Amino acid sequence: MEKFLMGNYDIIVVGAGHAGCEAGLASARMGKKTLLLSINLEAVAMMACNPSIGGTGKGHLVREIDALGGEMGINIDKTFIQSRMLNTAKGPAVHSLRAQADKNQYHIEMKKTLEAEKNLDLKQGEVTDLIIEDGKACGVVLKTGSCYRASAVILATGTFLAGKIFIGESAYDSGPNGLAPSMELAAKLREYGLPMRRFKTGTPARALAPSFDYDKMTPQDGDEKIVPFSFMNDDLQKDQVKCWLTYTNERTHKVIRDNFHRSALFGGQIEGVGPRYCPSIEDKVNRFADKERHQLFIEPEGLYTDEMYIQGMSSSLPEDVQVEFYRTIAGLENVEIVRPAYAIEYDCIDPLDLKTSLENRHIENLFCAGQFNGSSGYEEAAAQGLMAGINAVCKINGQKSFVLDRSEAYIGVLIDDLVTKGTNEPYRIMTSRAEYRLVLRQDNADLRLTERGYEIGLVKKDRYDRYLQKKRAVETETERLKNKIVRPEYVNNFLTKKGSTPLKSAVSMIELLKRPEITYDDSAEIDDDRPALSQHQKTMLEVQIKYEGYISKQMQQIEKFKKLENRKLSQNFDYNEVEGLRIEARQKLNQFRPVSVGQASRISGVSPADINVLLIHLEKLRRKKKEI
């Protein structure tokens, strides 16, 4: 087919899912002429699986995306229909916001945002090939023969690459939600020698709301006080919908066990590796045979549809079996399924082939993001898309890469885990993956990252001024609380009422607020001088006061971590010259080319003893250089 040039851009983004949207917006907002291509414009920010944003660990990512000037937090604040803060019985490090979305409205609002961005062109078109010249990505070819050239290309293909859907014995080529798959590009990437692998994910059935018996299920309400995702919003008021909780039972499990042989998962048709932390219902019944039940959440897909999402019950069993086992569940006895559950298999890259900037190690100016990198989840995808967009701009501008380390952000943990450790299953962020989670809280994401976003030109002045005002307000109030002295005769009745020990002598207000029984809002009763603070400001202030000792200890740990991260390693360093380094360590270090000693220490196959040998060698080189 004859090819014809249709335009020139600075950056081209392939795929307009959650990764592609953030990549395209970041690039355009940083001043680059950007083309965002989607195989179908109905796939823009599509919620192909669960109709929600956030959750444990994931909520932290959304706050960080927002703090850096991304769009996901703003978009979910526009379109949520229920909001809940998770893990509130635990410490603030693991508090995570989660919101149900009107999934169609989420798509519509994000598409409108993309269309309104002045440096961004959003177009429908299937990319079938890359233009690679002298080892550099410099454009794309579409199925129609159209070509677009650019200085950098970002691949954010989601689950479309060689997508294949499985429902029982039925298997057919398809992208998510019945959209067309991307078959030709998948084949081309393998031709170019990219280390591709096959992963799998899945989604539960959707059923009609009137067919559920809600009296047999437990209602799940949203929080009375709504906490926004975006730091640009102080207060959100909205009527919220209900979600519902129910459980599988032994009858459900028997139907599934009796039909294991008809599952694509157990029948051998699926070759891709699925997510361990989000297994299908047949996988749960098989792996956790001792469990009498598994919980399910019934969640609305939006305000203008009767479709309900049955969270916790993805499956690759045939449709007739799905109807049978769903109807064994309390409240689902007469359920009417409108979209069956399915498993989907797709191509993705081995993330060990990527630099910390998310640029490919072997094809220059080719950046990768989202599920294409072996991760799972909208939030993980969006975080990588944002960073790929930023770093593509940095590369074009001749600036150093914008990389967040593990002590700065969950985004840093996510990307470092992927590109340094790799993954053998779809990667999911969790609070347990972050060593410094007490510092990486969701309430302080703007204090950690907004300055960084402003420096690179993604955070605009209105957001930056808002951040500075919050920072000053919290600092000023902290100082006031340190200096305000309260006396026993004035506060002891209040303390007794709150179940707290009465004072014997005067203390500062900040010492009083360190008590777990006393909240900042409570203190209004005994503190007439309090300024008016936003909910964001009050939350951060209170956490900093109550956990000051723990935070201080963690900052000391971070200082030690930074020492290794700041010991930079040359990309031309020959590890074969390091005496005493084990053969495996030499091979791994020569292969991955870590940017620092810290990153080297996290590579599989490199031991602490190897790092000590490397540090001794570097010290010898430093002294020798000093003598010269």
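We're numbering straight along the sequence, starting at 1. Keep in mind that what you see is a predicted model, and the values were worked out from it rather than measured.
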Spatial distance of atom CG (Leu317) from atom OG (Ser280) [nearest 0.5 Å]: 7.5 Å

Nearest heavy-atom neighbours spanning Cys348 and Phe372: CB-O, 3.3 Å

Trace of the salt bridge (charged side-chain N to carboxylate O under 4.0 Å, His left out) decision for Glu336 with Arg327: CA-CA 9 Å; Glu336 289 295 332; Arg327 289 185 176 176; 3.3 Å; yes

Whether over 12 other heavy atoms sit under 6.0 Å from Glu250 CD: yes

Reference residue Gln105; test side-chain contact (heavy atoms from CB on, under 4.5 Å); the match among Thr79, Ile81, Asn75: Thr79

Over 12 non-hydrogen atoms of neighbours within 6.0 angstrom of CZ in Arg287: yes

Between CD1 on residue Ile429 and CG on residue Leu414, distance to nearest 0.5 Å: 5.0 Å

Under 3.5 Å side-chain donor-acceptor pair for Thr420 and Gln599: yes

All ring pair (Phe, Tyr, Trp, His ring centres under 6.0 Å) counterparts of His18, not counting sequence neighbours: Tyr106, Tyr378

Distance-minimising heavy-atom pair for Gly422 and Pro351: CA-CG, 4.2 Å

Nearest non-hydrogen partners of Glu379 and Ser52, listed with the distance: OE2-O, 4.1 Å

From CA spacing to verdict: side chain to side chain contact (heavy atoms under 4.5 Å, CB included), Met72, Leu386: CA-CA 10 Å; Met72 180 172 263; Leu386 182 79; over 6 Å; no

Other residues, nucleotides, ligands: >12 heavy atoms within 6.0 Å of Asn424 CG: no

Counterpart residues, ring pair (Phe, Tyr, Trp, His ring centres under 6.0 Å), relative to Tyr247 (two or more places apart): none

Check ion pair Arg602-Asp417 (N to O, under 4.0 angstrom): no

Closest heavy-atom pair and its distance - Val127, Ser182: O-OG, 4.0 Å

Distance (rounded to the nearest 0.5 Å) between Ser376 OG and Arg428 CZ: 7.0 Å

Partners passing ring pair (Phe, Tyr, Trp, His ring centres under 6.0 Å) against Phe561 (at least two apart in sequence or in another chain): Tyr436

Residues in side-chain hydrogen bond (donor to acceptor under 3.5 Å, both in side chains) contact with Arg198, at least two apart in sequence or another chain: Glu345, Asp347

Lys90 NZ: over 12 foreign heavy atoms closer than 6.0 Å: no

Test log, rule side chain to side chain contact (heavy atoms under 4.5 Å, CB included), inputs Leu194 and Ile363: CA-CA 9 Å; Leu194 296 183; Ile363 300 177; 4.0 Å; yes

Arg433 NZ/CZ over Tyr427 ring centroid, <6.0 Å and within 45° of normal: yes

Ile415: which of Asn373, Leu358, Leu404 passes side-chain contact (heavy atoms from CB on, under 4.5 Å): Leu358

Euclidean distance, Leu185 CG relative to Leu142 CG, rounded to 0.5 Å: 10.5 Å

Closest contact, heavy atoms only, Met313 versus Thr252: CE-CG2, 3.7 Å

Distance-only check: which donor-acceptor pairs under 3.5 Å involve side-chain atoms of residues 36-43, not counting sequence neighbours?
unit_1 : atom_1 : unit_2 : atom_2 : d
Ser38  : OG     : Asn40  : N      : 3.3
Ser38  : OG     : Asn40  : O      : 2.6
Asn40  : OD1    : Glu42  : N      : 2.8

Step-by-step side chain to side chain contact (heavy atoms under 4.5 Å, CB included) determination, His107 to Asn104: CA-CA 5 Å; His107 150 78; Asn104 190 47; 4.0 Å; yes

Residues which pass salt bridge (Lys or Arg N to Asp or Glu O under 4.0 Å) with Glu324, listed by chain and number, not counting sequence neighbours: none

Nearest atoms (heavy-atom pairs only) where Leu161 meets Ala186: CD2-N, 3.6 Å

Under the salt bridge (Lys or Arg N to Asp or Glu O under 4.0 Å) test, residues paired with Glu191 that sit two or more places apart: Lys188

Contacts of type side-chain contact (heavy atoms from CB on, under 4.5 Å), residue Asp258, not counting sequence neighbours: Lys254

Gap separating the NZ atom of Lys200 from the OG1 atom of Thr159, nearest 0.5 angstrom: 12.5 Å

Set of residues satisfying salt bridge (Lys or Arg N to Asp or Glu O under 4.0 Å) with respect to Glu22, sequence neighbours excluded: none

Point-to-point distance, once rounded to the nearest 0.5 Å, from CZ of Arg437 to CD of Gln442: 14.5 Å

Qualifying ring pair (Phe, Tyr, Trp, His ring centres under 6.0 Å) pairs, either residue in residues 281-332, two or more places apart: His253-His294

Residue list, ring pair (Phe, Tyr, Trp, His ring centres under 6.0 Å) with Tyr410, at least two apart or on another chain: His60

Derivation of the side chain to side chain contact (heavy atoms under 4.5 Å, CB included) call for Phe160 and Tyr346: CA-CA 7 Å; Phe160 282 85; Tyr346 55 95; over 6 Å; no

With Glu71 via side-chain hydrogen bond (donor to acceptor under 3.5 Å, both in side chains) - residues at least two apart: Arg29

